[in-house]
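Below is one structure, written out as structure tokens; the observations come after it.
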2 protein chains.
Amino acid sequence: MKKYTIKDIAELAGVSKGTVDRVIHKRGKVSPAALEKVTKLLEEIDYQPNLIARSLKNTKNYHICVIQPDPKIDPYWQPCTNGVNDAINEYNSFGITIDSYYFDHTDTRSFLEVNKTVLKQLPDAVLITPVFHKESIEVIKIYNANNIIVSTINDPLELNGITNYVGQDLIQSGRIAARLMEMIVPKNRTILIIHLDEVFNNSIHMQLKEKGFKNYLERLPNSKFNLKTCSLQQTDLDKKLHDLLKKPNDISGIFVTTSKVYSVANIVKDFPDLEIKIIGYDLLDENIKYLKNNAIDFLINQNPKHQAYLCITQLAEYFLFDKKIPRQKLLPIDIINSENFDGYTHN
Amino acid sequence: MKKYTIKDIAELAGVSKGTVDRVIHKRGKVSPAALEKVTKLLEEIDYQPNLIARSLKNTKNYHICVIQPDPKIDPYWQPCTNGVNDAINEYNSFGITIDSYYFDHTDTRSFLEVNKTVLKQLPDAVLITPVFHKESIEVIKIYNANNIIVSTINDPLELNGITNYVGQDLIQSGRIAARLMEMIVPKNRTILIIHLDEVFNNSIHMQLKEKGFKNYLERLPNSKFNLKTCSLQQTDLDKKLHDLLKKPNDISGIFVTTSKVYSVANIVKDFPDLEIKIIGYDLLDENIKYLKNNAIDFLINQNPKHQAYLCITQLAEYFLFDKKIPRQKLLPIDIINSENFDGYTHN
DNA sequence: TTGAAAGCGCTAACAC
DNA sequence: GTGTTAGCGCTTTCAA
């Protein structure tokens, strides 16, 4: 069970530590004889370098900049900030500095400005949340040109130049909602799909979820639902949804593709007779309020906190221990009801 | 953004590194003047020791022994083994050796024997899965007497002498199943609670889940269900359940408190007219087979893999970086349906 | 092509 | 009380 060190190998092979190191890192300048002897020994012993010692040598301070929408403007992003803060605490004793930069997710200019500020710092990596597709492409190019690693969460941009993506399979996410709907809504009724956001940044998100949702329900062999899609701005919602529900209808389920479910639940509660089931996204406090009294039936957890945390973890372990960064990491998609939300928020 | 080292502090305070170290570790033998000056400086600078350097100093090889039921005998434990293996790979480059020991979960003697073997090794910590309550108490005492850290997963033993527990809130787990049942089973029908296990080791488990399940459903204001509990051995199941379902009945839901749901689903599929909803535990391959074709409606994921992995992580980071071990860590309780199981198994 | 030596930041033994 | 020093395992520079 002894742990072999470079020194041990060197002694066993009758060479110096330096030579062993050259062999391990294939830096050449080693005689064939020494090369063979050391290589064989490393094999036999199954030498594992001490990653802590290796890391200590590298006294560089790594710098990661996180660029995300301001949680003060859209509370959806608060968990993301929390995940980043966890990572800050976790890694600050390991020589990794993490700075947060916020932009206004309704304003492309603020996004571009923040990126300009970050670029000046020349960090080792940036973690961006690419809510603006076109602009993101631009800034990513610049980061790449400056040899800055680019990580993303939340939005599966199919872009070159991104080192790693942490997120979820959004089509599958829609399918999950669909399966849940199928279980709790009587057959042959109408189900509303509501896209609800102040701005239409997240459209890719919403489209993929809708696609998965429809895809599942339309292929059901023995139960057909009537699916209707509405794209609404927050400001229109109140009037339009009221109008829809006031008229005679057989709407029995609503799938909201964003985290603004609470505002839908808030309207639906005025129509208790309709017995409408609601499924939407994310563990915002307001959503949980409605979940608790069963006004919302299920929430799907996109886990932005863990997305952010994990993404930084991957970067940190790459810097510290040279651990490979997986190009894509899809997190599980959590189904949340009134009884299990606690375990996800209290983490 | 500069990272201050002990050397920096020493220079700033006009003392030596040794003195700074003595202050940091409160080892005394420091003059009041020096103590004050250094303490103040540490505060001001918010000094964070470099944990990598600190860890390197400690060249000790830590040894953790994992004692768990043999997954060859009960496949429920396979994910647990996988989690341990992940941890082995993760930490073997950090000077932490992890050995696995298996026992037969139907045989207390094998449990005791394995513990005897492990004790001889005098490891730094053991991770035990306490399926045998009485015997566990005994061995834990002995480990404690030998200054061996004891961690547990899976079973919330309320025992002294255990350093940390990683698991789930089992009463809440039952409540989650109940809420799901409520949503998918018509009101006023009969719901069966089936405890199913070859041996009755897990009885605490099963009882707590039943308690939560009943607790939720019995307090519902406007829908009453008729709850019936059956404790069955695997061998009796086939005949008894068949008999029950053959007779006229209004059974519309079955909650199986263990991972052996598949064997219940296998019987229920012979009674398609009854439209019985089934909820049970864990992502065994066989369970997922039934989940996929909706013969099982929901599974609750106890995540034994993550339980094991996390528990070892906590020990490792304690040994390496002196990170505090939380006495109890309750994992979120995942709700799984035919569409989201993938994200949980593929991790 | 090779070995010796310095040093990463921290700890602890030892001498003063 | 205090400073000096050696050393953890690995990397890298420099001299041979």
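Reminder, nothing fancy here: chain letters follow the sequence lines and each chain counts from 1. Computed from a predicted model, the values in this text were never measured in an experiment. These values consider heavy atoms only, across backbone and side chains, with no hydrogens, waters or symmetry-generated copies.
Phosphate contact (OP1/OP2 of dG9(C), side-chain N/O of T59(A), threshold under 4.0 Å): present.
Rounded to whole Å, the distance from NZ on K2(B) to P on dC8(C) is 11 Å. The nearest whole Å value for the distance from the CD atom in E11(B) to the P atom in dG9(C) is 12 Å. The distance from atom CG of L56(B) to atom P of dC10(C) is 12 Å, rounded to the nearest whole Å. The distance between atom NZ of K7(A) and atom C1' of dA5(C), rounded to the nearest whole Å, is 14 Å.
Judged as a side-chain contact (heavy atoms from CB on, under 4.5 Å), and not counting sequence neighbours, the contacts of K72(B) are D70(B). Taking the side-chain contact (heavy atoms from CB on, under 4.5 Å) definition, one finds that D21(B) meets it with I6(B), H25(B), R27(B), sequence neighbours left out.
Judged by distance alone, the side chain of S151(A) and the main-chain N or O of A125(A) form no donor-acceptor pair under 3.5 Å. Using modelled atom types, no side-chain atom of S93(A) and backbone atom of L51(B) make a donor-acceptor pair closer than 3.5 Å.
With salt bridges taken as basic N to acidic carboxylate O contacts below 4.0 Å, none links K17(A) and E11(A). Between D86(B) and K305(B) a salt bridge is recorded (basic side-chain N to carboxylate O distance below 4.0 Å).
For the segment residues 313-325 of chain A, no residue has any heavy atom less than 4.0 angstrom from an atom of DNA chain C.
Nearest-nucleotide mapping onto DNA chain D: of A53(B) and T19(B), the residue sitting toward the 5' end is T19(B).
Crowding of N146(A) atom CG: a count of heavy atoms from other residues, nucleotides or ligands under 6.0 Å exceeding 12. Atom CD of E36(B) has 12 or fewer neighbouring heavy atoms from other residues, nucleotides or ligands inside a 6.0 Å radius.
Ring orientation note: the planes of F319(A) and Y62(A) are close to parallel, at an angle under 30° on the 30°/60° scale.
A cation-pi contact links K2(B) to Y4(B), judged by a cut-off of 6.0 Å to the six-membered ring centre and 45° from its axis.
Scanning DNA chain D 5' to 3' for nucleotides with an atom closer than 4.0 angstrom to a non-hydrogen atom of chain A gives a first and last hit of dG9(D) to dT12(D).
In this structure, D155(B) CG and Y165(B) OH are separated by 7.0 Å, a value rounded to the nearest 0.5 Å.
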Find every protein N or O atom lying less than 3.5 Å from an N or O atom of nucleotides 11-14 of chain C, and list the pairs.
unit_1	atom_1	unit_2	atom_2	d
dT11(C)	OP1	H25(B)	NE2	3.0
dT11(C)	OP1	R54(B)	NE	2.5
dT11(C)	OP1	R54(B)	NH2	3.4
dT11(C)	OP2	D21(B)	OD1	2.7
dT11(C)	OP2	H25(B)	NE2	3.1
dA12(C)	OP2	R27(B)	NH2	3.1

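When the local axes at the two ends of the helix from dT1(C)-dA16(D) to dC16(C)-dG1(D) are compared, using 5 base pairs at each end, they differ in direction by 60° after rounding to 10°.
For the pairing with V150(A), the side-chain contact (heavy atoms from CB on, under 4.5 Å) check across L127(A), V139(A), V126(A) returns one residue only, V126(A).
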For this session: Would you sort out whether V131(B) and W77(B) count as a side-chain contact (heavy atoms from CB on, under 4.5 Å), showing the intermediate values?
Result: CA-CA 12 Å; V131(B) 291; W77(B) 298 98; 4.0 Å; yes

